[in-house]
Protein chains: 4
Amino acid sequence: MVGERGARKRRANGEESRRRILDAAVEVAGERGYEGTTINLVSARCGLPASSIYWHFKDKDELIAAVIERSFGAWLDAMTLPDADDAADPAVRARRRALGMAARVAKSLSDSPDFLRLGLMLALERRPEEPTARTMFLQVRKVAQDRLSAAIAELAPDLDPAAVRRVSHYALAAADGLFIAHEIGGDDVDLPGLFELHAHALIDTVDRLRDHADA
Amino acid sequence: MVGERGARKRRANGEESRRRILDAAVEVAGERGYEGTTINLVSARCGLPASSIYWHFKDKDELIAAVIERSFGAWLDAMTLPDADDAADPAVRARRRALGMAARVAKSLSDSPDFLRLGLMLALERRPEEPTARTMFLQVRKVAQDRLSAAIAELAPDLDPAAVRRVSHYALAAADGLFIAHEIGGDDVDLPGLFELHAHALIDTVDRLRDHADA
Amino acid sequence: MVGERGARKRRANGEESRRRILDAAVEVAGERGYEGTTINLVSARCGLPASSIYWHFKDKDELIAAVIERSFGAWLDAMTLPDADDAADPAVRARRRALGMAARVAKSLSDSPDFLRLGLMLALERRPEEPTARTMFLQVRKVAQDRLSAAIAELAPDLDPAAVRRVSHYALAAADGLFIAHEIGGDDVDLPGLFELHAHALIDTVDRLRDHADA
Amino acid sequence: MVGERGARKRRANGEESRRRILDAAVEVAGERGYEGTTINLVSARCGLPASSIYWHFKDKDELIAAVIERSFGAWLDAMTLPDADDAADPAVRARRRALGMAARVAKSLSDSPDFLRLGLMLALERRPEEPTARTMFLQVRKVAQDRLSAAIAELAPDLDPAAVRRVSHYALAAADGLFIAHEIGGDDVDLPGLFELHAHALIDTVDRLRDHADA
DNA sequence: AATGAATGAGGATTCATTCAT
DNA sequence: AATGAATGAATCCTCATTCAT
């Protein structure tokens, strides 16, 4: 069987070539951003000639969009783990959940997922013709936002939707910021600690907003 | 009169050329980031030939560093306004101060200052040879960080220095995130509202940390 | 019935693929000339993958030669229609014939036959290695030239062969020119009118040459 | 003085470089047409690096347009020679003039002026986005057309303007055709003889049209 | 009869930078 | 203080063609 795989392998395996290209592109794009990612670099990194890259992807823009999509998908999978909890009080459970999620996010962001670094770089650009890759990131980010909204609604079932949206905006934005801080400061930055702070801050915020509404 | 005009305006003026170049570079770099900023584009935008840019700046890297420095300086000036407050209770005064500062930051970031957009883009990059411009941004960011630490220390004079540092890290990072959210969402994002949320969250956090320490 | 459809239509049909390729190639070559005609463009236009084109044609050169050949064949068929005429006087008949032919050519050239446009483009090129397609056009053009000589010989049976050749050269060349004028000017150019002028000019010319010879 | 020129020459002479580029481009474009003219070829032929060509011309299209413009200018200068004639009878003089002009055109076209070969190639193309070079040729051709109209009006002062226009269209188109015939056939084609035929044919045509009008 | 995948060469154009003036 | 001209290296991307299946 091994022999067979070896024999069949070389020459024309589209699926695998595509993957190799994406792997290389992720690396390069993570290192140097959109403009800094040159097809030649990707080609050198993946071993396929530049022209082959164009067989698999229409152009650089589409390649990078695919990079973001794949990287986000992987991150989301890693993020979506079962969340066993046996606390009786639902409020307590929700709080624990929030803290658990924060810890999980902190951990996953410590690996500096490429879609996020790349995506934020793209998000900060304002070029005349919006690259597909940027659109892809914004799309992907909306998915994350929705998940977060759901989690907050669960944390505070009695909060009105507008407030939920506001808090989830805040929560996501701050998470971006913490990620960047970690990118800048490296491991000097205690990402788990900061995310714990963040989780508590959010819990406080939700409480405050609920009290406001009650009053 | 003709003589006067000649004297006043046309005398090839280094200072003004430099300014024109920086103005153009700010625009372009804000639109397209570090790699996307080409000397030719800057030249076209400011009307001076590319070679003239090299008379004023050693190379592209130095030009962009200058852009960041100048933009940050302007922002800091705008930020550092007198902060009259006549409240008797220092705790109340500190709280007001925090909220006022948050409002001021929110307002200033709404104009999407170029140093911050550019700087964050640079911060997210990880290229082999660190550009001067990135270093400049990190420097400049440290200044902002110090100011913030001072403000938080004032808000909570009894907090231990490590906690102050941690909170100020969190505060600055989240502010970056909010800025990015505004960059992405445009004016749909209620920056003042989010910064108010942020200020309250920080106040809560400081209180929480203080109680912890007391206990 | 299903079986019938399958049998009638889908049986991968070489003849039809060839035709589709040629159809696409005619279009593209008509638009962009020899160098501008890329296999990829033809492939996109005909729906077959580029590699399939190489199954039917040795290389690009041969493909374009085939285009010219087929287009000229079709044109010649359309040109060679019965030419009923019952005039008694052979001279009168010949004149009518000449005018009729001119009208027919004018009409056929108004549809801008691709072989001619493409062929003239190729004829104007002077590249080191003569493409097969050019040779094909020159061959095809010789056929047209011979037909024209025959017609002129009929118009003026007493004209010496050298003069016939000269006039037919002139006639063909001018026809090319009129075609080009129509290509340039579109339907603003009254091709039938110009060809009528041309026919009369030829008749006059033939007469003049005959008189010369007589004198 | 000679020494001074020599000393000043080398390094950075924009005017001369531009001329060298145009010279090379004329050669190449004459050989291979629009698409066949590559910047690299031009660069190799003129000795300047490809990037220098872009200092002098915005892009390939503009370069070729410039080639056409210059080549036509030169041709027109060569064409516009004094035309001394002392015949008494104006009709005789006009006829002589026509024949003289035909001879001159024949001779000039024997050198296969580049603007005409290139221009005709471009004229035959029909690409979606019209190249500047094609527009330039059509412009330049209009100038030639106007000159020709004037000459014909002089040859037949009593001919109505519409007829003059028609004849001049015919005359120019046929001239294009004769030029192409010469391009195809090389020196086997007796261009002066054909142009003489053409001139006579035009004179006959003008006469015929005048008689028609009289009748 | 056809095609998915690959590929080296070359396409136009732009880059940051330099240098003589 | 400024600039016209030049340049080698790099950019993205397309080309004609091949080959295993």
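In what follows, chains carry the letters A, B, and so on, assigned in the order in which the sequence lines appear, proteins first and then strands, with residues in each chain numbered from 1.
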Asker: What integer distance in Å separates C:Arg20:CZ from E:dA1:C1'?
Answerer: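 Going from C:Arg20 (CZ) to E:dA1 (C1'), I get 13 Å.
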Asker: Which ones in residues 34-43 of chain C lie close to DNA chain F, meaning a heavy atom under 4.0 Å from one of its atoms?
Answerer: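 By residue number: C:Thr37, C:Thr38, C:Ile39, C:Asn40.
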Asker: So B:Phe115 and B:Phe72, would you call those rings parallel, tilted or perpendicular, with 30° and 60° as cut-offs?
Answerer: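 Taking B:Phe72 first and then B:Phe115, their aromatic rings stand perpendicular (interplane angle over 60°).
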Asker: Distance check needed: F:dT11 P versus A:Lys60 NZ, whole Å only.
Answerer: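 It works out to 9 Å between those atoms.
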Asker: Would you say that D:Phe57 contacts D:Ile21 through its side chain, given a criterion of any heavy-atom pair below 4.5 Å between the two side chains?
Answerer: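 Yes, at least one pair of side-chain atoms sits under 4.5 Å.
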Asker: How close do B:Gly36 and B:Leu41 get, heavy atom to heavy atom, and via which atoms?
Answerer: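 The answer is O-CD1, 3.9 Å.
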Asker: For D:Thr132, what residues pass the side chain to side chain donor-acceptor pair (under 3.5 Å) criterion, not counting sequence neighbours?
Answerer: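 Side chain to side chain donor-acceptor pair (under 3.5 Å) check on D:Thr132 returns D:Asp61.
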Asker: F:dT17 C1' sits how many Å from C:Leu63 CG, rounded?
Answerer: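 Rounding to the nearest Å, CG of C:Leu63 and C1' of F:dT17 are 14 Å apart.
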Asker: Measure the distance from CG on A:Asn13 to C1' on F:dC19 and round it to the nearest whole Å.
Answerer: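 These atoms are roughly 16 Å apart.
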Asker: Is the shortest distance from a Lys or Arg side-chain nitrogen in B:Arg134 or B:Glu129 to a carboxylate oxygen in the other one below 4.0 Å?
Answerer: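 A salt bridge is absent here (no side-chain N lies under 4.0 Å from a carboxylate O).
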Asker: Mind calculating the distance between CZ (B:Arg32) and C1' (E:dT14) to the nearest angstrom?
Answerer: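 Computing the B:Arg32:CZ to E:dT14:C1' distance gives 12 Å.
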Asker: Could you tell me whether the side chain of B:Thr37 and the main chain of B:Gly33 form a donor-acceptor pair under 3.5 Å?
Answerer: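 The answer is yes, because a donor-acceptor pair under 3.5 Å joins these two groups.
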Asker: Would you jot down, in residue-number order, the residues of residues 47-57 of chain B having a non-hydrogen atom under 4.0 Å from DNA chain F?
Answerer: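 Contacting residues: B:Leu48, B:Pro49, B:Ser51, B:Ser52, B:Trp55, B:His56.
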Asker: So do B:Glu125 and B:Glu130 actually touch side chain to side chain, heavy atoms under 4.5 Å?
Answerer: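 In short, these two side chains do not touch, never coming nearer than 4.5 Å.
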Asker: To the nearest Å, how far apart are B:Glu15 CD and F:dA1 C1'?
Answerer: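 One finds 12 Å between C1' of F:dA1 and CD of B:Glu15, rounded.
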Asker: Determine the sole option in D:Arg45, D:Arg70, D:Arg18 for which the salt bridge (Lys or Arg N to Asp or Glu O under 4.0 Å) test with D:Asp23 is passed.
Answerer: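 That would be D:Arg70.
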Asker: For the NZ atom of D:Lys60 and the OG1 atom of D:Thr38, what is their distance to the nearest 0.5 Å?
Answerer: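 Taking NZ in D:Lys60 and OG1 in D:Thr38, the distance rounds to 7.5 Å.
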Asker: Now, which nucleotide makes the Watson-Crick or G-U wobble pair with E:dA9, with each of the two distances under 3.5 Å?
Answerer: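 Paired with E:dA9, as far as the under-3.5 Å criterion goes, is F:dT14.
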Asker: What is the pairing partner of E:dT21, taking Watson-Crick or G-U wobble pairs with both distances under 3.5 Å in any strand?
Answerer: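 Pair assignment: E:dT21 / F:dA2.
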Asker: Start at the 5' end of DNA chain E and walk down; is the nucleotide closest to B:Lys58 or to C:Arg18 reached first?
Answerer: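 Comparing both residues, the 5'-ward one is C:Arg18.
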